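Notes for the one structure printed next.
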Amino acid sequence: MAQSFPRPRGTRDLLPDDLVLIRHLERTARRVAETGGCVEVRPPLFEDTRLFARSLGDATDVVEKEMFTVPRRSESEQSGSEDSGGYTFRPEGTAGAARAYLEAGFPQRGPLQKWYYLGPMFRYERPQKGRERQFTQFGVEIFGAAGPLADAEVVEIALRFFEALGFGAELEVRVNSMGDPADRDRWRESLRGYFEPQLAERCSDCRDRFARNVFRLLDCKVERCRELSAGAPDLFAVMGEDARVHHEGFLDAMCALGRTVREDRGIVRGLDYYTRTVFEIHYPPLGARSALCGGGRYDGLVAELGGPATPAVGFAIGFTPTEIALAALELPSESELADLRGALAPEVWCVAVTEEERLPVLRLAQALRKAGRRAALDLRGKSVGAQMKEAGKSGAAWLAVLGPDERTSGALTLRSLAGEVEIPAALSADLDAALRAALKDPGSR
RNA sequence: GUGGGUGUAGCUCAGUCGGUUAGAGCACCAGUUUGUGGUACUGGGGGCCGCGGGUUCAAAUCCCGUCACCCACCCCA
């Protein structure tokens with residue numbers, strides 16, 4: 001078992017059985033996004049490193065030490081002047097979507113865009129449960145809508161994804177507002193002023209974070225730190241009128257949708273681009289690992305990338321945490337996966353009784369496949385009995401035995417491997433045609 | 001980056017106070033049987049016991065190192 005070429009750390013091989021669930025997640029995401037009016041986009045899997053440094057914020061851990069970066073090969077590809085930093089495999093989907101939105105000229109030709117994406121993201125960090133170096137995210141981004149209805153619509157789509165998967169009413173939306181940039185600047189300063197005198201009393205993590213991202217001190221889990229944070233200044237105390245009205249509008253819209261949300265001042269997203277609405281979706285029965293979705297508004301991002309001021313709001317859902325949660329809930333039911341699971345097995349297994357029927361059986365399978373049937377046959381020269389066993393184990397629904405008798409009589413019957421006896425009419429017609437094709441002109445070449 | 005745990009057959013694991021050719025179940029292959037069909041039975045293939053070094057007459061087993069994976073911290077799009 002000494003593997004010469006082991007799987008790269010933090011990656012998974014998705015084998016046929018694994019893909020049953022994955023494909024169910026994918027189709028659920030597509031259906032929910034598309035019924036919500038979103039269309040799919042597929043930006044490249046890698047981008048200029050500077051895109052991520054600029055959009056996520058270069059002091060974030062993601063940019064500082066978790067990026068899969070490759071150097072460029074030649075000077076001629078250097079688009080910028082000095083050190084471009086090469087290419088980086090996307091650690092998240094929003095930056096690429098915003099770049100594509102801008103590059104395709106949507107600010108001019110159709111500012112309102114409702115997009116979704118689905119695919120692999122890459123993050124070079126130490127794997128652990130629920131965290132991989134290559135993982136899949138489903139995300140929605142709405143560009144060009146400044147009002148709170150867009151925020152509500154985004155949250156609604158995320159909720160419907162989880163509900164479609166079978167999550168119950170315990171789903172919890174936690175919301176907060178980061179205010180506008182000016183509000184954030186004011187708040188950052190007052191937080192610095194509040195926390196600085198108590199740094200000596202706080203944990204070492206807090207001391208580190210103080211300089212890099214003072215907001216994160218608010219959700220430190222150390223007991224003593226939490227006590228010290230209790231009296232910290234509230235953003236809402238310094239937030240401007242516009243952001244406040246927006247937040248109220250967002251809450252009203254959620255209420256109109258019949259959704260209850262929980263205000264949680266501790267929600268402070270880690271990336272720099274968020275403004276105003278931020279939210280997370282949790283499933284409390286899962287305990288500590290209950291966060292399933294994160295998102296919010298990022299009105300400054302498109303402008304940060306060199307475009308016109310463009311409002312935007314979105315979310316991202318990681319498949320891996322969703323899979324863990326589904327497993328804990330024993331979801332989805334087998335019946336929901338029946339079609340995907342069924343596609344792993346043939347419909348008709350074609351058996352050759354003697355060597356004389358090998359080629360006719362090959363043609364039988366071909367004809368059935370042309371008719372759209374999943375047909376299988378033995379490829380390893382097995383005996384009749386072994387073919388039967390293999391057919392049984394394959395999960396095939398029907399057995400078509402082609403032997404000397406059938407060649408003479410020109411009639412073929414299907415036997416059910418499941419116990420039923422009746423041949424469906426549609427299958428019977430396909431079978432007749434297939435048999436004629438199989439027996440036609442057997443020796444010509 | 002820090003800490004803990006685990007490495008034996010394709011998979012899940014037994015086996016270690018050091019002692020013959022290293023085991024089971026499942027899976028795989030062949031055969032027998034059940035009326036040519038998932039059963040049952042018989043047989044078979046498959047392991048440098050993660051890797052390297054050390055101790056010893058003798059190492060899967062003890063010691064050192066190393067690598068890999070898992071879990072947690074960190075961080076989280």
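Convention: sequence-line order gives letters A, B, ...; per-chain numbering from 1. Predicted model, so just to flag it, every value in this text is computed and none were measured.
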Could you please name the partner base of B/rG23, counting Watson-Crick and G-U wobble pairs only when both distances are under 3.5 Å?
B/rC13

Base partner of B/rG31, which must satisfy Watson-Crick or wobble distances under 3.5 Å
B/rC41

Nearest-angstrom distance from the residue atom CD of A/Glu390 to C1' of B/rU36:
15 Å

Where the side chain of A/Ser383 is concerned, which of B/rU36, B/rC74, B/rG31 is the nearest nucleotide?
B/rG31

Counting distance alone, no hydrogens or angles: does the base of B/rU32 have a donor or acceptor under 3.5 Å from a partner atom on the side chain of A/Lys389?
yes

When all nucleic acid strands are considered with a 4.0 Å heavy-atom cut-off, which category describes A/Gln387: base, sugar-phosphate, or nothing?
nothing

Assigned partner base of B/rG1, Watson-Crick or wobble definition, under 3.5 Å
B/rC73

Closest-nucleotide ordering on RNA chain B, the 5'-leading residue of A/Tyr117 and A/Pro8
A/Pro8

Rounding to an integer number of angstrom, what distance separates B/rU66 and B/rC48 when you compare their P atoms?
25 Å

Does CZ belonging to A/Arg42 count more than 12 external heavy atoms closer than 6.0 Å?
no

What distance, rounded to whole Å, do you find between the two C1' atoms, one in B/rA59 and one in B/rG50?
16 Å

Spacing of the P atoms in B/rU56 and B/rU61 (rounded, Å)
16 Å

Is it true that A/Arg358 and A/Glu355 have a side-chain N and a carboxylate O under 4.0 angstrom from each other?
yes

Please pick, from B/rC69, B/rG37, B/rC70, the nucleotide with the shortest atom-to-atom distance to any side-chain atom of A/Pro127.
B/rC70

Using a heavy-atom cut-off of under 4.0 Å over every strand shown, decide if A/Ala316 touches base, sugar-phosphate, or nothing.
sugar-phosphate

Between A/Arg126 (CZ) and B/rG4 (P), how many Å, whole number?
12 Å

Can you tell me the base-pairing partner of B/rG47? Count Watson-Crick or G-U wobble geometry only, both distances below 3.5 Å, and say none if there is no partner.
none

Cation over ring face, A/Arg297 and A/Tyr274, 6.0 Å, 45°:
no

Would you mind reading off the distance between A/Asp378 atom CG and B/rC29 atom P, rounded to a whole angstrom?
11 Å

Scan for ring-ring contact (aromatic ring centres under 6.0 Å, His included) pairs involving residues 11-50 of chain A, sequence neighbours excluded, and state none if there are none.
A/Phe46-A/Tyr87, A/Phe46-A/Phe89

Measure from CD on A/Gln128 to C1' on B/rC76 and round the result to the nearest Å.
10 Å

Pairing of A/Arg30 and A/Glu40 as salt bridge, 4.0 angstrom limit
yes

If we take the P atom in both B/rG7 and B/rC13, what is their distance in whole Å?
10 Å

C1' atom, B/rC73 versus B/rG15: distance in rounded Å?
35 Å

Just compare B/rA72, B/rU36, B/rC76 and give me whichever is closest to any side-chain atom of A/Val384.
B/rU36

Picking from A/Arg99, A/Arg54, A/Arg72, what satisfies salt bridge (Lys or Arg N to Asp or Glu O under 4.0 Å) with A/Asp48?
A/Arg72

Protein-nucleotide distance (A/His282, atom NE2; B/rC76, atom P), rounded to Å
14 Å

Return the nearest nucleotide to the side chain of A/Lys382; candidates are B/rA72, B/rC29, B/rU2.
B/rC29

Can you check the distance between B/rA9 and B/rC26, where both ends of the measurement are the C1' atom (answer in whole Å)?
12 Å

Would you kindly give the OH-to-C1' distance between A/Tyr273 and B/rC76, to the nearest whole Å?
11 Å

In terms of the nearest nucleotide of RNA chain B, which residue is placed more toward the 5' end: A/Arg90 or A/Thr11?
A/Thr11

Spacing of the C1' atoms in B/rC41 and B/rG5 (rounded, Å)
42 Å

Tell me the interatomic distance from A/Leu399, atom CG, to B/rG37, atom C1', rounded to whole angstroms.
7 Å

Between A/Arg9 and B/rC69, is there a side-chain N or O to OP1/OP2 distance below 4.0 Å?
yes

Under the salt bridge (charged side-chain N to carboxylate O under 4.0 Å, His left out) rule, what pairs show up with a residue in residues 398-408 of chain A, not counting sequence neighbours?
A/Glu357-A/Arg407

What nucleotide, of B/rG37, B/rA72, B/rC29, holds the atom closest to the side chain of A/Lys393?
B/rC29

Decide yes or no, distance alone: a donor-acceptor N/O pair under 3.5 angstrom between the base of B/rC75 and the side-chain of A/Arg131.
yes

Rounding to the closest angstrom, what is the interatomic distance between B/rU32 and B/rA68 at atom C1'?
45 Å

Just the rounded figure in Å: distance from C1' of B/rU36 to CG of A/Leu417.
12 Å

For B/rA60, which nucleotide is its Watson-Crick or G-U wobble mate, given both distances must be under 3.5 Å?
none

Centre of A/Phe236's six-membered ring, under 6.0 Å away, within 45 degrees of the axis: is that where NZ or CZ of A/Arg265 sits?
yes

Which nucleotide in the set B/rC29, B/rG1, B/rC75 lies at the smallest distance from any side-chain heavy atom of A/Arg380?
B/rC29

